[in-house]
Each structure stands twice: as C-alpha cells, then as structure tokens.
Amino acid sequence: MAEEDRDEVFRNPSVVEVVFEVRFPPLFYIDQRIGDFQLEIMDDFPKSSQILEEPIIIGAVQKTLTDEEKPKPTQIWQFESENGKNKIMVRPNRLNIISHEYKSYDSPTFKKRFRDLIEDITTTFLEKVPIRKFSRLGIRYIDHCPLEEKSSGYFKRFYVPIFDTDNYDIENIIENHVAIRIKKGDYYLLFQCGIQKFGDVYKYVLDYDGYAQDIETRNFINITDELKKMIKKEYYSNITEEFKEYMRSDAT
C-alpha cells in the first residue's frame with residue numbers, strides 16, 4: 001500500500017469499533033472444521049464459547065408452528081482475546097472479526113494493526129475451510145465523536161453537516177438518524193450518522209460500512225485495502241481540520 005494511503009494514527013481517535021466480515025453460502029460441514037481453526041488461533045483468542053442464535057419471526061403468526069416449521073437456531077462459535085477487546089465469530093455462512101482495541105489499520109509505527117489481524121485470521125480460516133468466493137466482503141467503522149456543546153456553532157467547528165442545521169438546529173435535536181446507501185465504483189457504502197444520547201452525554205455517531213460482492217477469496221486483502229481507503233475518504237469528508245487537531249491532542 002502506498003505511503004499516502006496509510007492511516008494517520010491519532011492520539012485521541014473517534015473510532016470505537018471496527019468489524020470485518022465475509023459471507024459465503026451456508027457450509028454444512030463447518031462444525032467439523034471449527035476445532036482445527038480454534039487450535040490455530042487459541043494463543044491469541046483463548047476464550048471460546050458456543051451460542052445458539054434464535055431467529056426472530058417478523059409479523060403476526062396465524063397458527064401455532066410445529067417443531068418442523070419453526071426456524072432453526074443458528075450455531076455461532078465465538079473466540080475472544082484475553083482482554084475481551086477482540087472477538088471472532090463464525091457462523092455457517094460468515095466470519096466476523098470485531099475489535100474495540102485496534103486504532104490503526106496499517107500504520108508501520110504500530111505493532112498491532114487491524115489489517116494484520118484480518119489477513120492472519122482469514123488466511124487461517126480459509127486453510128481450514130476452503131472457499132473459492134465470498135458473496136460479500138465488508139469492513140465497518142463506528143465512530144463516537146464528541147458533542148461537548150450541543151450547539152450548531154460547536155457542531156460546525158468539528159463536523160460537516162449532511163442535513164440543514166438552519167432548519168434543524170442542533171440545540172433542539174433530541175435525536176436524529178440519517179442513512180445513505182450508495183454505489184462507489186465497484187464497491188458499496190452504507191453511511192449512517194446521527195446525534196445520540198449515551199446516558200447524560202450527547203455524541204455524534206458516524207458509521208461507515210463499506211462492502212464488495214462476489215469476491216474471489218485470493219483477493220480478499222486487496223479488496224479490504226480498497227474499502228478501507230474509500231471509508232477513510234468519506235470519513236475525512238465529514239469532519240473538519242479542527243476536529244483532526246482535536247484528535248491529535250491529548251483531549252479525552
């Protein structure tokens with residue numbers, strides 16, 4: 001990756017969660033391979049558990065469903081790091097890597113980089129569960145940005161509004177949510193943002209989910225690099241230079 005495309009690592013970054021996901025057709029034999037996968041990652045992800053995810057039935061059910069008619073629960077295998085800040089979840093049709101710790105995607109100055117984790121875990125998974133193509137590959141960044149003063153003036157210092165703050169002034173917003181799904185060349189982006197209250201504190205949430213469809217598995221890390229580059233560009237288009245300086249400081 002070119003040097004100009006690499007992350008700037010902020011002292012006080014707004015990102016709180018990063019998720020990598022690949023989807024594939026349901027594999028009925030995956031439970032036979034999961035033990036081998038677990039042994040390979042056990043040093044870094046020693047905590048393991050099995051979860052049954054019950055399906056949610058939407059809409060009124062007019063009759064009592066028989067056991068055969070009821071949707072079957074989904075088996076999930078979960079592996080966590082010792083500190084609980086990193087998690088791997090495997091379902092019969094997807095792999096998720098979730099982190100609340102990694103602050104850099106690929107900075108050469110950091111030993112712990114999310115790109116390395118993605119590459120290592122996905123490569124190990126593909127060695128145990130050979131798949132030729134992912135139906136969907138995505139990377140998602142969730143940022144909780146400060147709103148220390150709930151005012152339009154403060155908001156515009158740090159962020160580029162995507163809604164009319166003259167008609168909908170920040171001072172009077174109780175809660176808002178904007179969602180845009182858009183095609184960007186060969187890829188897709190679901191961008192969501194909004195002002196939310198967490199306890200007694202308001203924050204501006206930026207949520208970027210970049211994804212690609214029908215991807216050859218041998219290209220997974222290159223496609224992830226491209227999606228990360230797209231998200232970085234979108235993120236920078238929604239914040240100001242003053243907010244970058246805020247993140248470069250020791251402010252909390």
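All residue numbers in this chain count up from 1 along the given sequence. Note that the coordinates shown come from a computational prediction; the quantities given were computed from them, not determined experimentally.
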| query | Excluding sequence neighbours, so at least two apart, what forms side chain to side chain donor-acceptor pair (under 3.5 Å) with Glu175? | reply | none

| query | How about Tyr141 and Tyr208: are their ring centroids closer than 6.0 Å? | reply |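 No, they do not, as the ring centres are separated by 6.0 Å or more.
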
| Could you state the interatomic distance from CZ (Phe155) to OG1 (Thr165), rounded to the nearest 0.5 Å? |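 So the gap between those two atoms works out to 7.5 Å.
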
| Taking ILVMFWY side chains as joined if any heavy atoms are under 4.5 angstrom apart, and letting links pass through other members, which residues group with Ile98? | Val19, Ile51, Ile76, Met89

For [Y], is there an ion pair with [X] - N to carboxylate O distance below 4.0 angstrom?
| X | Y | value |
| --- | --- | --- |
| Arg140 | Glu21 | no |
| Lys85 | Glu80 | no |
| Glu234 | Lys232 | no |
| Arg115 | Asp225 | yes |

Taking the cut-offs as 6.0 angstrom to the six-membered ring centre and 45 degrees off its axis, would you call [X] and [Y] a cation-pi pair?
| X | Y | result |
| --- | --- | --- |
| Lys244 | Tyr236 | yes |
| Lys128 | Phe37 | no |
| Arg248 | Phe10 | no |

| request: Measure across Ala212 and Ile215 and return the closest heavy-atom pair with its distance rounded to 0.1 Å. | output: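 It is CB-CD1, 3.7 Å.
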
| said: Checking Tyr202 now: which residues fulfil ring-ring contact (aromatic ring centres under 6.0 Å, His included) with it, not counting sequence neighbours? | reply: none

| query | So Ser152 and Asp169, side chain to side chain donor-acceptor pair (under 3.5 Å) or not? Walk me through it. | reply | CA-CA 6 Å; Ser152 297; Asp169 57 283; 5.5 Å; no

| Counting only heavy atoms not in Arg11, do more than 12 fall under 6.0 Å of its CZ? |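 Incorrect, the count does not exceed 12.
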
